[in-house]
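Working notes, structure below.
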Amino acid sequence: SGLPVTTLIGQRVGTTISLTLFAMLISVGVGVPLGVLAAWEKGSWIDRAVMVVAVSGFSMPVFWLGFLLVYVFATDGARLLMAQHLALTPLRVLKGEAWQPLSHLLLHTSPAGLLLNLLGMWIFGTVLEKEWGFRRVLAFIGIVGVGSALAIVGGSAVGGKVSLAASHTGLANVLAAMVVAFGCLYPRTPIYIFGLVPLEGRWLALGLSALILLNAAASRAWVMGLGY
């Protein structure tokens with residue numbers, strides 16, 4: 001191409017760094033919880049299943065796995081297929097795609113949204129785990145995630161065709177529930193916003209709840225507010 005090597009590297013370094021960081025986020029965000037779960041359930045089918053997945057991942061050639069993932073996930077058709085069948089679309093749930101109340105938690109519209117949700121869940125989930133234990137926190141996440149999805153489906157059934165066709169993704173509902181749970185368990189424990197401003201748990205929970213209600217009212221997104 002005739003361009004200097006430094007220019008060619010500079011054109012691609014941003015994409016390389018973002019892919020590396022996102023890969024690390026996925027590996028840590030998925031690998032650590034699965035490792036903890038396998039250790040907690042040592043000798044069970046869960047432990048064996050995690051071991052099979054881990055060994056399979058290490059055994060697959062990286063170049064082959066990379067091409068396979070690109071083929072499956074990187075095409076427009078694949079993304080559209082995932083959005084249609086994994087995101088929470090009330091109309092599709094009512095037609096029988098019963099996995100969507102759970103699968104939609106795994107999808108996010110942007111890597112930044114996924115990172116923020118996982119960071120918040122790690123902060124508040126660590127505190128809740130000390131109070132409840134790992135299994136109860138895991139059950140809490142599942143109940144809140146699926147429960148909010150069912151509330152959205154029920155509200156959409158009343159709201160009409162537009163609400164039924166809307167898609168929903170992400171862990172924001174679960175994170176909001178964790179913040180409220182923290183506020184209930186530790187009402188006077190301060191959380192430092194941006195590391196500077198102290199805010200007691202009860203006011204954090206109340207403030208977040210008020211913001212969600214105001215946003216739902218202002219945007220008339222009452223079905224989303226019902227999910228929260």
May I have the step-by-step check of side-chain contact (heavy atoms from CB on, under 4.5 Å) for L105 and L102, ending in yes or no?
-> CA-CA 6 Å; L105 299 172; L102 190 60; 4.1 Å; yes

Residue pair T20, T16: steps toward the side-chain contact (heavy atoms from CB on, under 4.5 Å) verdict | CA-CA 6 Å; T20 302; T16 302; 4.2 Å; yes

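Heavy atoms only, all atoms of each residue included: G145 and H104 are closest at O-CE1, 3.9 Å. Taking each heavy atom of P101 and V93 in turn, the nearest pair found is CD-CG2, 4.2 Å.
With R92 as the fixed residue, the side-chain contact (heavy atoms from CB on, under 4.5 Å) test singles out one of T89, L88, L94: T89.
In this view, T7 and P4, Q11 satisfy the side-chain contact (heavy atoms from CB on, under 4.5 Å) rule, not counting sequence neighbours. Residues satisfying the ring pair (Phe, Tyr, Trp, His ring centres under 6.0 Å) criterion with W203, sequence neighbours excluded, are absent altogether. Annotation: side-chain contact (heavy atoms from CB on, under 4.5 Å) contacts of R135 (sequence neighbours excluded): W40, E41. With sequence neighbours excluded, the residues satisfying salt bridge (Lys or Arg N to Asp or Glu O under 4.0 Å) with R202 are E200. Not counting sequence neighbours, R136 has no partner by the salt bridge (Lys or Arg N to Asp or Glu O under 4.0 Å) test. Considering only residues two or more places apart in sequence or on other chains, V13 meets the side-chain contact (heavy atoms from CB on, under 4.5 Å) condition with I17. Under the salt bridge (Lys or Arg N to Asp or Glu O under 4.0 Å) criterion, E129 pairs with no residue, sequence neighbours left out. With sequence neighbours excluded, no residue forms a side-chain contact (heavy atoms from CB on, under 4.5 Å) with P33.
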Donor-acceptor contacts under 3.5 Å from residues 172-189 side chains, at least two apart:
from	atom 1	to	atom 2	distance (Å)
N173	ND2	S148	OG	3.3
Y186	OH	E131	OE1	3.0

Residues 207-218, side-chain donor-acceptor partners within the protein, below 3.5 Å, at least two apart:
from	atom 1	to	atom 2	distance (Å)
S209	OG	A205	O	2.9

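Distance CG/L150 to CD1/I143: 11.5 Å, rounded to 0.5 Å. From L138, atom CG reaches atom CG of L37 across 7.0 Å, with rounding to the nearest 0.5 Å. Taken from CD1 in I152 to CD in Q100, the straight-line distance is 11.5 Å, to the nearest 0.5 Å. Going from atom CG of L119 over to atom CZ of F124 covers 9.5 Å, rounded to the nearest 0.5 Å.
In this structure, V36 is not a member of the same hydrophobic cluster as M51, with clusters built from ILVMFWY side-chain heavy atoms closer than 4.5 Å. In the hydrophobic clustering of this structure, L199 groups with V197; members are Ile, Leu, Val, Met, Phe, Trp, Tyr whose side-chain heavy atoms approach within less than 4.5 Å, directly or through other members.
Residue V5 is found in a hydrophobic cluster whose other members, listed by chain and number, are I9; membership requires side-chain heavy atoms under 4.5 Å apart, directly or through intermediates.
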